[in-house]
2 protein chains.
Amino acid sequence: MWHDGRVTTTPDLRAAVGQATTAPGDAGLARRQSGARAVYDLLRGRIIDGSLAPDARLTEPVLSAELGVSRTPVREALRLLQAEALVVELPTGGVRVAPLDVADARRVYDVRARLEGLLARDACERATPDDVARLVRLVTLMDAVRDHEDEVLRVGAQFHGEIEALADNRWGSALLRQIRGHVDRYRALAARRRVGTTDHVDEHRAVADAIASRDPAAAEAAMRAHIERSAALAEQSLRGVGSATDDLP
Amino acid sequence: MWHDGRVTTTPDLRAAVGQATTAPGDAGLARRQSGARAVYDLLRGRIIDGSLAPDARLTEPVLSAELGVSRTPVREALRLLQAEALVVELPTGGVRVAPLDVADARRVYDVRARLEGLLARDACERATPDDVARLVRLVTLMDAVRDHEDEVLRVGAQFHGEIEALADNRWGSALLRQIRGHVDRYRALAARRRVGTTDHVDEHRAVADAIASRDPAAAEAAMRAHIERSAALAEQSLRGVGSATDDLP
DNA sequence: CACTGCGCACTTGTATACAAGTATCGGTCG
DNA sequence: CGACCGATACTTGTATACAAGTGCGCAGTG
């Protein structure tokens, strides 16, 4: 499955398009689920989880046929993915799934560290006492579930989401969203080979404490340090998985 | 012209499409100048320079007619602009030129400061003695032309481009490109009302010195400080131009 | 005169048709 | 047997046709 260039197993693709991943939380946006969006969501998920292999060529006609839509929405979805750099343009004009360059993962995390650091700073400058209390509560909760890694991850995501919401920084959020797909992709790749873990609880607590102390610079530094430790861990986990991405010449 | 929602004057639009802004420096990329790209370049330029007013509604049929191409490339160009946030989606599905929110300019510069800071750090870690010499030479050149503001700006752009090239950080560059249009847009808006200037020469020299000293953290800090001073200047210049953007309710 | 209901014109989203360029594969020739 | 050449099939890019949903305006009415 990993090396197969096409959409394998063909499971309810046509069903997925037209309904797509309708997250229950999106109650606010009553968007007309344009088929292009559905195709985009589908392909994006498959690229991130690896069922669409790196370097796999994606052509509009075969995607059209397999998904049961015309080329138009497929084309639009591919352009969206291209803007997100999840697919790269071939010299001839087509696209292929972006290669997995493990060395580049570091770069993704570097950028993420700066952006999330900025958001932490902004959050610190805007947080009300109630907000601070909520962050502290999340850290306490994380501590309580610290033995269940997936729970820790879930609470962690919630923590970061809270920071992002507090920051209310449109540009920071937009750019973070731009690279989130790649972060998730590397994370999915490293998931199988986790070699260790940092102390998520303490690192998050450091961020929360800095915000509680109303020290924006400290908040930024703590968040940045946290992401950079995550980066080091991911890098360590990824080292050696190159054997699973034998696509580069 | 400022308040007119449509493409005014209609000067050689059809001529522009099909040839487009073929920058002489783009010799490396022998891209088939797809009409969609030409439309994108054209609209992007008009949004940045203000000839397409903020909040102006852009509809595919009229753009098609005025540019002499079908809706397909127009649609694609609009989606690219949307991904870049230079146009925003209307609830009904159409798009309009992104409003000019002066308060948001600060956010753009904040993000830019982090990204360029990261690039300066990376550049510092990779620069060869020759590279350092080139940067120093640019600062010297900037000093020599310090009385001609446009020349200073030109050399400054070259300096930043050199840093970016040295950094060789795909993600930093990609995200920087994402917001460059907005930076240019605010800069164009502020150009008419420049109220002062920071000492570009000294600020750039600080960056070059840090890199020459092989101090990545200092390079990052110097670049970040430089951008933040530019931000303060732009903010100051922009204050009061709200009268020129009387579009919000 | 204000309000309500209908109808039109316009918009986007999708599908399909057409043109042009390119890589590939087979055949043929040296 | 290898290399070159031509034709074919496939790709993207563009144009056009069709369908559906939405807002706006106008007329009629209380």
Side-chain angles (χ1 to χ4, degrees), chain A residues 5-7 13-22 29-43 52 55-83 87-97 249, chain B residues 5-7 13-20 22 29-43 52 55-83 86-97 249:
Chain A
R6 67 180 53 245
V7 181
L13 291 181
R14 309 173 81 108
V17 175
Q19 190 63 14
T21 52
T22 306
L29 299 175
R31 293 206 54 64
R32 180 170 56 240
Q33 259 294 12
S34 65
R37 179 78 184 192
V39 175
Y40 164 79
D41 286 338
L42 184 72
L43 293 178
L52 274 174
D55 274 341
R57 178 102 186 265
L58 298 181
T59 60
E60 297 168 9
V62 312
L63 289 174
S64 287
E66 285 178 327
L67 274 64
V69 295
S70 82
R71 272 182 53 206
T72 309
V74 170
R75 183 180 180 76
E76 191 166 318
L78 289 181
R79 282 302 159 86
L80 258 50
L81 292 170
Q82 187 179 339
V87 304
V88 297
E89 195 175 20
L90 292 169
T92 66
V95 300
R96 65 177 189 192
V97 177
Chain B
R6 71 179 52 245
V7 181
L13 290 181
R14 308 172 82 108
V17 174
Q19 189 63 12
T22 305
L29 298 175
R31 291 207 54 63
R32 179 171 56 241
Q33 260 293 11
S34 66
R37 180 77 182 194
V39 174
Y40 164 80
D41 286 338
L42 184 73
L43 293 178
L52 274 174
D55 274 341
R57 176 104 185 262
L58 298 181
T59 60
E60 297 167 9
V62 312
L63 288 175
S64 287
E66 285 178 328
L67 274 64
V69 294
S70 82
R71 271 182 55 209
T72 309
V74 169
R75 183 180 179 77
E76 191 166 318
L78 289 180
R79 283 302 158 84
L80 259 50
L81 292 169
Q82 188 179 339
L86 284 173
V87 304
V88 297
E89 195 175 19
L90 292 168
T92 67
V95 301
R96 66 178 187 190
V97 177

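What's counted below: heavy atoms across the whole structure, side chains too, no hydrogens, waters or symmetry copies. Note on naming: letters A, B, ... go to the chains in the order of the sequence lines (proteins, then strands), and numbering restarts at 1 for each one.
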Nearest nucleotide by nearest heavy atom, which residue falls closer to the 5' end of DNA chain D, B:Pro73 or A:Thr59?
A:Thr59
Rounded to whole Å, please give me the gap between OH in A:Tyr40 and P in C:dG13.
16 Å
To the nearest Å, how far apart are B:Arg71 CZ and C:dG13 C1'?
7 Å
What integer distance in Å separates A:Arg37:CZ from C:dT12:P?
18 Å
If you look at every strand shown and take non-hydrogen atoms under 4.0 Å, does B:Thr72 touch a base, only sugar-phosphate, or nothing?
base
Considering just the side-chain nitrogens and oxygens of B:Arg75, establish if one lies under 4.0 Å of OP1 or OP2 belonging to C:dG13.
yes
Interatomic distance where CD belongs to B:Glu60 and C1' belongs to C:dT14 [whole Å]
12 Å
A:Arg96 CZ to D:dT11 C1', in whole Å, measures 17 Å
Check side chain to side chain donor-acceptor pair (under 3.5 Å) between A:Arg75 and all other residues, then give those that pass, not counting sequence neighbours.
A:Glu60, B:Glu76
Spacing between A:Leu90 atom CG and D:dG13 atom P, to the nearest angstrom
11 Å
Nearest of C:dT14, D:dT14, D:dT11 to any side-chain atom of A:Ser70?
C:dT14
Value in whole Å for how far the P atom of C:dA15 lies from CG of A:Leu67:
11 Å
Give, for atom CG of B:Leu86 and atom CG of B:Leu43, the distance between the pair rounded to the nearest 0.5 Å.
10.0 Å
Not counting sequence neighbours, which residues clear side-chain contact (heavy atoms from CB on, under 4.5 Å) with B:Ser64? List them please.
B:Arg71, B:Val74
Closest non-hydrogen atom pair between A:Pro73 and A:Gly35, with its separation
CB-C, 4.2 Å
Spacing of A:Glu89 atom CD relative to C:dT22 atom P, expressed in whole Å:
15 Å
